[in-house]
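Okay, so here's the structure we're looking at.
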Amino acid sequence: MATIYTGPVFDMAAEQFAAIADHLAIPDDERARLLYPKRAVVVSCPIHRDDGSTAVFQGYRVQHHLTLGPTKGGTRFAPNLEIGEVAALAIWMSWKCALAGLPYGGAKGGVAVDPRALSRHELEAISRRYMQEMIPFVGPHIDVMAPDMGTNEQVMAWFMDTYSMYQGRTVTEIVTGKPVASGGTEGRREATGRGVVFLAERALIAQGGAMAGATAVVQGFGNVGSVSAATLVEHGAKVIGVSDHTACYVDRRGLDVAALIRHTERTGALAGYSTELLADPADLLAMQCDILVPAALERVIDGPMAARLRCRILAEGANGPTTPDADAVLAQRPEIFVVPDILCNAGGVIVSYFEWVQDLQQFFWTEPEVRSRLNHVLERSFTQVMERSAKDGVSTRTAAMAIGVEKVRNAKNTRGLFP
Ligand code: NAD
């Protein structure tokens with residue numbers, strides 16, 4: 001069925017869902033209701049540029065289902081953002097939240113804009129305007145935003161402030177991923193990357209390996225990639241390759257991740273860090289390593305790339321990095337253990353949930369409390385996925401998605417047609 005969402009990323013989410021629906025023997029007449037977003041909005045966001053001109057950017061928000069509670073999901077600022085990509089990300093959020101046992105449906109949103117081409121003032125203007133346009137559509141018990149690619153804690157602070165000014169009081173619980181100084185939680189910024197490494201280590205141990213001395217490669221050096229790389233080093237692994245949209249570096253003796261982070265904090269990207277360590281980004285994912293962490297874009301591992309992989313653990317920090325074609329290849333390569341995205345990067349939304357709960361109660365937890373509760377939820381989800389995978393004889397991705405889809409389906413079937 002062609003819809004406004006049709007496009008490569010949405011089609012991928014739909015294809016994955018069809019496979020899970022077949023696996024769960026979901027009747028045809030229930031499928032569209034589970035797959036298609038409940039509602040979506042498109043807005044025009046005008047801002048004054050620094051040169052005095054006016055520019056208009058298209059913004060989106062998609063709420064996938066309203067069955068389990070408010071919707072929850074990130075906000076992406078990216079030049080070629082399309083509503084189909086946003087919808088796919090919202091759908092994946094639904095299965096992710098359900099798998100982790102969070103009381104949310106999935107959502108996602110964003111603006112088709114290159115944040116790197118904006119001044120700080122322009123970024124603030126577009127952030128505030130986007131939230132302003134979203135006010136009729138979101139709320140602490142309706143839809144709660146968070147950061148994603150191209151947005152960060154500062155953008156969340158502007159979102160929260162804009163919504164709060166409209167309400168005439170401070171409403172911290174309208175977004176998560178805020179700075180701690182503005183009602184955010186300890187440990188949110190690091191949550192996704194730390195979760196990726198917690199699960200990669202669990203997978204490595206399940207395979208009879210150990211983190212100490214393991215080698216790792218990380219694609220993407222933003223929030224998820226840089227925190228994953230730093231945490232891998234903290235846990236005794238050696239990061240031998242990293243990349244972002246500007247550069248790719250390889251050093252088999254182990255890169256100095258702390259120095260790379262200092263460099264990106266200073267300059268905004270990896271470019272300019274070194275000339276000797278430069279490598280071809282096309283070969284990064286195919287490097288021999290114990291742990292491979294794609295932490296940038298969707299669909300970077302397609303069928304041919306899946307055949308080239310030489311990792312033991314594929315820990316999917318990004319959303320949707322592996323295509324269904326690649327999954328078919330990986331099904332024939334049992335030597336590679338996949339920690340699927342909806343499990344692997346769930347640390348972000350789990351700690352976002354903790355932040356929302358703390359904001360609603362105005363009662364804040366310590367960093368160790370956040371960490372230990374995060375690890376508890378990740379451990380529970382990992383065990384559920386492993387058990388389901390063994391019981392049904394299916395891949396870890398099929399197992400993870402089956403658990404998520406089943407929970408949403410059960411709730412829909414007990415509630416009725418409305419949500
Ligand atoms: P970010 O904007 O902080 O960083 C994105 C990184 O990807 C940047 O380093 C950028 O240079 C790099 N990148 C872009 N194009 C690239 C290319 N062609 N090759 C290599 N690198 C490239 O974004 P983020 O928040 O770290 O998100 C990264 C991924 O993780 C996305 O798929 C996002 O949906 C997912 N994710 C993020 C969170 C979170 O809490 N931030 C949670 C769950 C999942």
Side-chain angles (χ1 to χ4, degrees), residues 96 99-100 147 177 185-244 254-261 264 284-285 287-296 300-301 309 311-319 321-322 336-352 354 367-383 385-386 396-397 400:
K96 188 187 304 184
L99 172 64
T185 182
E186 299 288 345
R188 170 61 184 88
R189 196 183 62 77
E190 302 84 2
T192 309
R194 280 196 188 140
V196 167
V197 176
F198 178 88
L199 292 165
E201 187 161 17
R202 269 314 262 101
L204 206 53
I205 291 168
Q207 301 292 93
M211 200 58 127
T215 52
V217 167
V218 181
Q219 181 193 48
F221 211 70
N223 174 295
V224 181
S226 68
V227 174
S228 295
T231 312
L232 281 160
V233 171
E234 253 176 50
H235 287 223
K238 215 161 53 168
V239 175
I240 57 172
V242 297
S243 73
D244 73 357
L255 290 158
D256 183 346
V257 171
L260 285 162
I261 290 176
T264 52
L284 183 81
L285 297 176
M287 277 179 71
Q288 178 141 29
C289 61
D290 294 304
I291 300 166
L292 174 62
V293 182
V300 289
I301 301 173
L309 295 183
C311 58
R312 290 171 74 188
I313 310 291
L314 173 58
E316 297 181 342
N319 285 307
T322 307
I336 298 180
F337 185 101
V338 179
V339 188
D341 52 359
I342 64 165
L343 170 65
C344 195
N345 66 36
V349 71
I350 293 166
V351 177
S352 272
F354 296 163
E367 220 269 324
E369 275 175 298
V370 171
R371 252 196 219 220
S372 102
R373 286 178 198 237
L374 168 63
N375 292 349
H376 171 77
V377 179
L378 290 175
E379 178 67 37
R380 184 182 67 198
S381 302
F382 183 82
T383 306
V385 169
M386 292 295 282
T396 48
R397 185 182 322 282

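This chain uses plain numbering: 1 for the first residue, then up along the sequence.
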Exercise for review: Report the distance from atom CG of Leu314 to atom CZ of Arg397, rounding to the nearest 0.5 Å.
Suggested key: 7.5 Å
Exercise for review: Can you see which heavy atom on Leu374 is nearest to which on Ala191, and at what distance?
Suggested key: CD2-O, 4.1 Å
Revision key, fill the gap. CD (Glu379) and CZ (Phe198) are apart, to the nearest 0.5 Å, by 5.0 Å
Practice item. State, with a plain yes or no, whether a side-chain heavy atom of Pro294 is found less than 4.5 Å away from one of Ile301. Key: yes
Check your understanding: Are side-chain heavy atoms of Ile313 and Asp290 found at a separation under 4.5 Å?
Key -> no
Exercise for review: Mind listing the closest non-hydrogen atom pair of Pro321 and Ala318 along with its distance?
Suggested key: CD-O, 3.4 Å
Review point. So do the side chains of Val338 and Thr322 get within less than 4.5 Å of each other, counting heavy atoms only?
Key: no
Point to revise | Separation of Phe337 CZ from Leu199 CG (nearest 0.5 Å) | key: 9.0 Å
**Study point:** Shortest non-hydrogen contact from Ser243 toward Gln219
**Key:** OG-CG, 3.5 Å
Practice item. Check whether any side-chain heavy atom of Leu232 lies under 4.5 Å from a side-chain heavy atom of Met211, and answer yes or no. Key: yes
Practice item. Pick out which of Asn223, Ile291, Val239, Val293 makes a side-chain contact (heavy atoms from CB on, under 4.5 Å) with Ser228. Key: Val293
Check your understanding: Do you know the tightest heavy-atom contact between Val218 and Gly220?
Key -> CG1-O, 3.5 Å
Revision key, fill the gap. For Thr264 and Ile261 the tightest heavy-atom approach is OG1-O, 3.0 Å
**Study point:** Ala100 backbone acceptor or donor facing Arg380 side chain under 3.5 Å
**Key:** yes
Check your understanding: If we only count heavy atoms from C-beta on, is the Leu343 to Leu99 side-chain gap below 4.5 Å?
Key -> yes
Review point. Donor-acceptor pair, Asn319 side chain versus Asp341 backbone, under 3.5 Å?
Key: no
Review point. If you measure from CD on Glu190 to CZ on Arg371, what distance do you get to the nearest 0.5 Å?
Key: 8.0 Å
Practice item. Considering non-hydrogen atoms only, spot the tightest contact between Leu292 and Leu285 and give its length. Key: CD2-O, 3.5 Å
Check your understanding: Hey, does the side chain of Arg188 reach the backbone of Gly348 with a donor-acceptor pair shorter than 3.5 angstrom?
Key -> yes
Exercise for review: May I ask you to test the Leu260-Leu255 pair for a side-chain heavy-atom distance under 4.5 Å?
Suggested key: yes
Review point. Hey, are the side chains of Thr215 and Gln288 touching, using non-hydrogen atoms and a 4.5 Å cut-off?
Key: no
Check your understanding: Any side-chain heavy atom of Arg202 within less than 4.5 Å of one from Met386?
Key -> no
